[in-house]
Amino acid sequence: MANKIDARNFKGTRDYLPQEMIKRNEMITIIRSVFEKYGFVPLETPAVEYLDILMGKYGEEGDKLIYKLDYKGGSVAGMKYDLTIPLARVMTQHNHLVLPFKRYQIQPVWRADRPQPNQGRYREFYQCDADIVGVNTMIADAEIINMIHQILSQLDIGRFVIRINHRKILSGITAFVGLPKNKEIDLCRGIDKLDKIGREGVLKELSDQGFKEDEIHKIFDILAIEGDIHKVLTELKNIFKNNEIGLQGVIDLENIIEYLKNLGTPLENIKLDLYLARGLDYYTGAIYESSSLDLPHIGSLTGGGRYDHLIQSLGGNDYPAVGTTIGLDRIATVLSQQNKITEKDSLTNVLVTIFDETSVKKSMEICSLLRKNDIKTEIYYEITKMKKQFNYADKKKIPYVVILGPEEMTTQKISIKDMSKGSQEQINQDELITYLNNKLGKNP
RNA sequence: GGGAGUAUAGUUCAAUUGGUUAGAGCGCCAGAUUGUGGUUCUGGAUGUUGUGGGUUCAAGUCCCAUUACUCCCCCCA
């Protein structure tokens, strides 16, 4: 025999066992139904893309994390890194799509970084994207943010915050401080840690980064702006008096806030974060990210923004676009660390037992009848002692067990045991469906 | 990409300064109970101690390498 194979998962990938899949499917059902409620239509794209399409869109770090496929001597393809670039590609290739094109997409993506399950970080993970192509009003941005709020609330993840910012505000700040454009990212990175390392820490970090004293001084002027969103935006407007690009960002955000109110979005979960940067290169306007307030170590649960020229950069029309991704695995991690995952081993409602050879036919008929009436039903596959059959129902947490023994045969009744109560009753066959529908809460 | 830690049965963990045949809980299988699970009682099965080398009279235990996993930073979903 050949060497023993060491069965294991590829690093950073997991098997989603039934218990987990049942929960994931429930989550996906919620997400999909919200997407559809807002008028989004489904799209799927291949796992693999040509490398020239993937490269250069995600920033320097991102490019390194693309899984490259090596075949026929040359690396020309890679696993998709997100769902936004594939959408942009689709938009360039299918001109007949009605604008605004609103699509949702729920698929895995791959990133070659170091897995960290505790933070919900994997190499293969699911993204649930919703994007609006062809609209440049902030109504679209507001709808996306509103929808994120809706989904996170419905998934019952506990306290969360959606942080918003604008690429043009970042540019405005960079200009205000007097820095060259390429320092923008360093600037954000340094200041973003304010919460973690405090004022002194940021000061040190910035001077280590080579920022001059007067520059740091100006940065702290901006840092000093505090208060609610409106106040901050008003003060920024003042600072950006002669700064057209920064001003544009502020106006966009003002509009978004206004529209969010119109949509009835509770603003207490939404925070303006002037130092939210987001690594992906293609963003051009408003950007947003959300995280759990109870489990901040898990990082971002959703992330998105406006990317007005990405589609053109792939050779398509210059369509404005905005969208978000919902990080299914991150959210699942939050729920699991909050012990909110009720473990289900089965979706079956009824187990039909088989008493002996003479009752096989009857049991199978009842099983079939239940299924015809949309009741999730299993039949036990062996003619064996009741003990084993009940034990199976118990292990799989199947709530009802049907018994058809000699006694039931002669009385023309069916015995049904309620496994959680331990109680058992006999009913007429023609009452069976009504009885179970009642028990399962299916009748109005 | 940088740093740290862990590895013993299906699983969670034991095993004295290195010292006989590596143990226990849970789980699993069987019986008590030939029409009934979840409780109880009785019995049973399961290990190349991650892998390879080294030190030693003797290694689960010490050393080196390797692999896997975990954690932190970076970045993100």
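The structure displayed is predicted, hence computed values, not measured ones. All chains are named by letter (A, B, ...) in the order of the sequence lines, taking the proteins before the strands, and each is independently numbered beginning at 1.
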Residues 59-66 of chain A side chain polar contacts: donor-acceptor under 3.5 Å, at least two apart:
unit_1	atom_1	unit_2	atom_2	d
A:D63	OD1	A:G56	N	2.9
A:D63	OD2	A:G56	N	3.2

Nucleotide N/O to protein N/O under 3.5 Å, stretch nucleotides 3-11 of chain B:
unit_1	atom_1	unit_2	atom_2	d
B:G3	O6	A:R114	NH1	3.2

Practice item. Dot-bracket notation for RNA chain B is requested: 5' to 3', Watson-Crick or G-U wobble pairs only, both distances under 3.5 Å, with ( ), [ ], | and . as defined. Key: (((((((..((((.....[...)))).(((((.......))))).....(((((..]....))))))))))))....

Check your understanding: Under 3.5 Å, is there a donor-acceptor pair between the A:D345 and A:Q19 side chains?
Key -> yes

**Study point:** Under 3.5 Å donor-acceptor pair, A:R111 side-chain atoms to B:C76 base atoms
**Key:** no

Exercise for review: Output yes when at least one side-chain N/O atom of A:Q116 is less than 4.0 Å from OP1 or OP2 of B:C76, else no.
Suggested key: no

Review point. With no hydrogens and no angle check, do the side chains of A:Y81 and A:E49 hold a donor and an acceptor under 3.5 Å apart?
Key: no

Return a table of donor-acceptor pairs under 3.5 angstrom between the side chains of residues 398-409 of chain A and protein atoms on other chains or two or more places apart.
unit_1	atom_1	unit_2	atom_2	d
A:E407	OE2	A:Q426	NE2	3.3
A:E408	OE1	A:G405	N	2.9
A:E408	OE2	A:S415	OG	2.5

Review point. Do A:Q105 and A:T45 have side-chain atoms, one donor and one acceptor, less than 3.5 Å apart?
Key: yes

**Study point:** Side-chain donor-acceptor pair present, A:Y38, A:N146, cut-off under 3.5 Å
**Key:** yes

Can you give me the N/O atom pairs linking the protein to nucleotides 65-69 of chain B at distances under 3.5 Å, or say none if there are none?
unit_1	atom_1	unit_2	atom_2	d
B:C69	OP2	A:K11	NZ	3.0

**Study point:** Side-chain donor-acceptor pair present, A:D131, A:Y307, cut-off under 3.5 Å
**Key:** yes

Exercise for review: Evaluate ring pair (Phe, Tyr, Trp, His ring centres under 6.0 Å) for A:F160 paired with A:H149, printing each intermediate quantity in order.
Suggested key: CA-CA 9 Å; A:F160 63 88; A:H149 191 280; 5.4 Å; yes

Revision key, fill the gap. Each nucleotide of nucleotides 31-40 of chain B classed B (base within 4.0 Å of a protein heavy atom), S (only sugar-phosphate) or -, in 5' to 3' order, makes S---BBBB--

Practice item. Measure the distance from NE2 on A:H297 to C1' on B:C75 and round it to the nearest whole Å. Key: 16 Å

Exercise for review: Check whether any side-chain N or O of A:N118 sits under 4.0 Å from OP1 or OP2 of B:C72, and answer yes or no.
Suggested key: yes

Practice item. Grab the CG-C1' distance between A:D113 and B:U70 for me, whole Å please. Key: 15 Å

